[in-house]
Amino acid sequence: MKRVILVNLLILLTFAGIFYWADEKKQVELALAEREEGAAEAKPDVETAGSANVKEDGGQKEEPQEDYIRWVDFGVSKFALSEAYEYDRDTYGTKEHIGWIDLLAYTASMTGGVFDDDQAVCKYMEQMQEKIRRGEDLEKAAEGLEYFPYYQEAYGAVLGGMVGEYEIQVPMGDDGKQKKWEKRYGLKAFSPIAKGFPYADYDDFGVSRSYGYKRNHLGHDMMGQIGTPITAVESGYVEAIGWNQYGGWRIGIRSFDRKRYYYYAHLRQGFPYQSGLKEGSVVLAGDVIGYMGHTGYSTTEDVNNIEETHLHFGMELIFDESQKDGDNEIWIDCYQLVRFLYRNQSKTVRDKKTKEWKRVYQMKDPAAEAYERTLDYSMYP
């Protein structure tokens with residue numbers, strides 16, 4: 001009886017092996033066929049409003065929609081951001097200069113928007129740099145890259161206001177108490193957490209949330225201490241301020257080019273904002289705008305229903321105004337961007353009388369020159 005069972009098992013194993021290797025052979029053949037058919041340029045997952053204008057029979061709809069980007073998967077690494085930025089800054093004003101957005105767009109065109117391989121990032125950035133050194137202009141250097149314009153526009157929407165010319169106060173003298181104005185070209189965006197205040201974070205974009213309704217987390221949480229000064233990442237104007245049952249006390253700041261909406265939520269109970277801040281106020285990058293807390297998850301104002309003290313920081317991209325509060329909102333993963341911005345934190349000091357924190361070194365941003373900043377931060381276009 002045992003011999004019969006053993007023989008049957010051997011027969012079953014033999015047939016299983018035959019089917020397994022037949023399937024493996026098929027998979028290998030398919031992989032080789034796909035490799036032979038591979039495109040010369042990696043293709044991103046691109047969707048624009050205009051792509052919805054084709055009928056099932058191949059014809060055009062009578063009323064085509066306006067063509068604008070409807071989705072951006074921003075996967076640029078801290079390493080790539082740093083490499084592109086430093087080349088941009090160091091070559092500014094020379095014939096070899098390339099803007100960091102163009103460098104990143106070129107690299108993304110070659111990798112399909114994937115920035116996991118640092119060696120590949122360096123390879124393609126150096127490739128473009130060499131083309132410019134040989135005298136090619138940007139159009140010639142990116143010739144044949146079908147998705148370069150897409151990445152250029154998408155990454156421009158994310159990073160467009162972060163690098164440029166500006167003026168800032170710097171310390172002078174042995175004690176550093178005196179200041180002087182200095183003109184610079186470089187990073188004029190700041191980390192959302194003021195200098196000297198500890199925080200912890202991780203890549204939490206897209207994790208589930210359940211309060212109110214089931215949804216994904218469309219921001220980046222930075223855990224810290226109650227009262228930590230929160231600073232504006234980019235210059236802009238306050239578009240929203242006040243209570244929201246999900247975000248608690250929150251501030252929404254729109255960039256001057258209207259392509260970015262910065263969202264700062266769960267601010268401190270009782271004293272969430274810098275005094276004088278209101279809807280329409282103009283703020284400069286590095287200004288203290290509020291204080292970390294754990295308000296939210298309540299229809300009643302000024303309630304602490306968030307378990308852990310943290311800043312919820314988010315960035316929404318707006319290519320068409322219909323996207324701002326519609327069904328096609330574009331929120332990006334800010335984790336790598338925040339890691340990059342850590343290199344530029346705003347130094348703050350506490351006013352003993354008002355108990356508020358204010359920046360130590362003032363800034364002049366050309367992007368804000370069209371607006372008048374008064375003592376109460378009011379905006380007058």
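Along the sequence shown, the residues carry numbers beginning at 1.
- A distance of 12.5 Å separates OG1 of T348 from NZ of K358, quoted to the nearest 0.5 Å.
- Taking CD1 from I69 and CD1 from I330, the interatomic distance works out to 7.5 Å, rounded to the nearest 0.5 Å.
- Not a single donor-acceptor pair under 3.5 Å links the side chain of S191 to the backbone N or O of L341.
- Relative to the six-membered ring of Y85, R343 misses at least one condition, a distance below 6.0 Å or an angle of at most 45° to the axis.
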Q: Report the C-alpha separation of Y262 and E234 in whole Å, then their side-chain angles, then the decisive distance to 0.1 Å, and conclude whether the side-chain hydrogen bond (donor to acceptor under 3.5 Å, both in side chains) test is met.
A: CA-CA 8 Å; Y262 295 93; E234 183 186 347; 2.5 Å; yes
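- More than 12 heavy atoms of other residues, nucleotides or ligands lie within 6.0 Å of CD in E321, so this atom counts as buried by the packing criterion.
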Q: Go through V72 and F319 one step at a time and tell me if the side-chain contact (heavy atoms from CB on, under 4.5 Å) criterion holds.
A: CA-CA 11 Å; V72 174; F319 297 93; 3.9 Å; yes
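- Ring centroids of H220 and Y335 are separated by less than 6.0 Å, placing the two rings close together.
- Counting only residues at least two apart or in different chains, ring pair (Phe, Tyr, Trp, His ring centres under 6.0 Å) contacts with residues 101-138 are absent.
- Ring geometry for F256 versus Y371: interplanar angle under 30°, hence parallel rather than tilted (30 to 60°).
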Q. Do L138 and M128 pass the side-chain contact (heavy atoms from CB on, under 4.5 Å) test, and can you show the C-alpha distance, the side-chain angles, and the key distance before you say yes or no?
A. CA-CA 9 Å; L138 182 62; M128 186 179 192; 3.0 Å; yes
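- Checking side-chain atoms of Q169 against main-chain N and O of Q362 turns up a donor-acceptor pair under 3.5 Å.
- Taking E143 as the reference, K140 meet the side chain to side chain contact (heavy atoms under 4.5 Å, CB included) condition, with sequence neighbours excluded.
- In this pair, F313 and Y264 present their aromatic rings tilted. The plane angle is within the 30 to 60° band.
- The neighbour count for Y185 OH, taken as heavy atoms of other residues, nucleotides or ligands under 6.0 Å away, is above 12.
- Between atom CD1 of residue I230 and atom OH of residue Y291 there is a gap of 10.0 Å, rounded to the nearest 0.5 Å.
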Q: Any chance you could lay out the salt bridge (Lys or Arg N to Asp or Glu O under 4.0 Å) test for E182 and R184, step after step, and finish with the verdict?
A: CA-CA 6 Å; E182 188 175 283; R184 291 182 178 179; 2.7 Å; yes
Q: Take D102 and F148 through the test side-chain contact (heavy atoms from CB on, under 4.5 Å) and record every step on the way to the result.
A: CA-CA 9 Å; D102 294 330; F148 178 78; 4.2 Å; yes
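- In this structure, W243 contributes its side chain and S298 its backbone to a donor-acceptor pair below 3.5 Å.
- Judged purely by atom type and a 3.5 angstrom limit, T295 has no side-chain atom pairing as donor or acceptor with the backbone of R268.
- Closest approach of L337 to M315, counting heavy atoms only: CD2-CE, 3.7 Å.
- Remark: K324 qualifies as a cation-pi partner of Y261 under the 6.0 Å distance and 45° angle criteria applied to the six-membered ring.
- For an aromatic pair to be called close, the ring centres must be under 6.0 Å apart, and Y155 with Y151 satisfies this.
- Few gaps surround NZ on K131; more than 12 heavy atoms of other groups in view lie less than 6.0 Å from it.
- S346 places a side-chain N or O within donor-acceptor distance of the main-chain N or O of G286, the cut-off being under 3.5 Å.
- Between Y246 atom OH and I306 atom CD1 the span is 12.0 Å, to the nearest 0.5 Å.
- The two residues K278 and V238 make their nearest non-hydrogen contact at O-CB, 3.4 Å.
- A donor-acceptor pair under 3.5 Å is absent between the side-chain atoms of K259 and the main chain of G156, judged by distance alone.
- Although no hydrogens or angles enter the test, the distance criterion places a donor-acceptor pair under 3.5 Å between the side chain of S255 and the main chain of R260.
- Residues L104 and A80 come closest through the heavy atom pair CD2-O, 3.7 Å.
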